[in-house]
Amino acid sequence: AQSVTQPDIHITVSEGASLELRCNYSYGATPYLFWYVQSPGQGLQLLLKYFSGDTLVQGIKGFEAEFKRSQSSFNLRKPSVHWSDAAEYFCAVGPRGSNYKLTFGKGTLLTVNP
Amino acid sequence: NAGVTQTPKFQVLKTGQSMTLQCAQDMNHEYMSWYRQDPGMGLRLIHYSVGAGITDQGEVPNGYNVSRSTTEDFPLRLLSAAPSQTSVYFCASSYSVHVGADSGANVLTFGAGSRLTVL
């Protein structure tokens with residue numbers, strides 16, 4: 001069965017510092033990959049997605065993610081974190097051809113210190 | 001264009017009561033789905049639909065019922081609420097696009113969520 005692992009439950013960074021959130025997946029074939037962000041009390045907003053092609057994908061709010069097939073990973077990065085980035089981040093995967101069904105990781109809560 | 005609209009935003013039920021969470025989308029999307037979010041669990045798929053009249057179970061379907069009589073609406077029914085169904089529920093819709101040789105690439109649009117408490 002497919003699964004998504006986000007090893008870090010909670011990460012704290014200082015404003016202006018770089019950020020990397022880890023995501024590993026277990027899947028029979030290369031899935032479609034997504035990162036979503038959820039601010040407190042809000043719904044989910046898509047940050048970026050990987051379907052095919054260039055393995056480094058750019059998203060909104062200055063985020064990027066790199067797909068590494070050999071490591072089954074899709075880590076999210078940002079070079080300089082802003083206080084407004086404090087939120088919970090979810091990695092999700094979906095099967096090619098039917099990714100209207102997503103499997104989510106358990107999320108990483110990001111705290112940003114001033 | 002309102003996107004995905006969920007009602008109600010908040011609801012408190014007593015054990016054994018029934019209720020329906022409403023979900024409507026105005027984007028003419030083929031696919032709709034319901035997820036529940038629990039602390040430390042991420043989102044888990046309850047039920048999904050690939051078109052009007054077609055529904056199927058997801059990862060955690062027990063205690064929930066769905067139907068899809070129109071493209072726009074996908075209600076989630078709790079027939080006899082239990083405290084274990086206390087959660088935040090998200091509805092999502094999507095449509096399929098071609099990516100290279102692949103078909104079926106979807107980007108899900110989520111509603112704002114419905115917080116349900118069962119006492």
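- Heavy-atom distances place both the backbone and the side chain of B:Leu108 under 4.5 Å from chain A.
- For a residue to count as touching a neighbouring chain, one of its non-hydrogen atoms must lie under 4.5 Å from one of that chain's; by this rule A:Lys101 touches chain B with backbone and side chain alike.
- Looking at B:Glu30, neither its backbone nor its side chain comes within 4.5 Å of chain A, counting heavy atoms on both sides.
- Only the side chain of A:Gln38 comes within less than 4.5 Å of a heavy atom of chain B; its backbone N, CA, C and O stay farther away.
- When heavy atoms are compared at a cutoff of 4.5 Å, A:Leu44 approaches chain B by way of both its backbone and its side chain.
- Only the side chain of B:Val50 has a heavy atom closer than 4.5 Å to any heavy atom of chain A.
- Here B:Gly40 is the residue among B:Gly113, B:Gly58, B:Gly40, B:Gly111 with the most heavy-atom pairs under 4.5 Å with chain A.
- Checked against a 6.0 Å centroid threshold, the rings of A:Phe90 and A:Tyr36 do not count as neighbours.
- A donor-acceptor contact closer than 3.5 angstrom is absent between the side chains of A:Arg22 and A:Thr5.
- For the set A:Thr103, A:Leu46, A:Leu102, the count of heavy-atom pairs under 4.5 angstrom toward chain B peaks at A:Leu102.
- Proximity to chain B (any heavy atom under 4.5 Å) is shown, for A:Ile9, by neither the backbone nor the side chain.
- By the 6.0 Å and 45° rule, A:Lys78 stacks over the aromatic ring of A:Phe63.
- Ring planes of B:Tyr35 and B:Phe110: tilted class, angle from 30 to 60°.
- Below 30°, between 30° and 60°, or above 60°: for B:His29 and B:Tyr95 the angle between ring planes is between 30° and 60°, a tilted geometry.
- Side-chain contact annotation: A:Thr55 with A:Glu66, donor-acceptor N/O pair under 3.5 Å absent.
- Side chain to side chain, B:Arg36 and B:Tyr64 meet the donor-acceptor criterion of an N or O pair below 3.5 Å.
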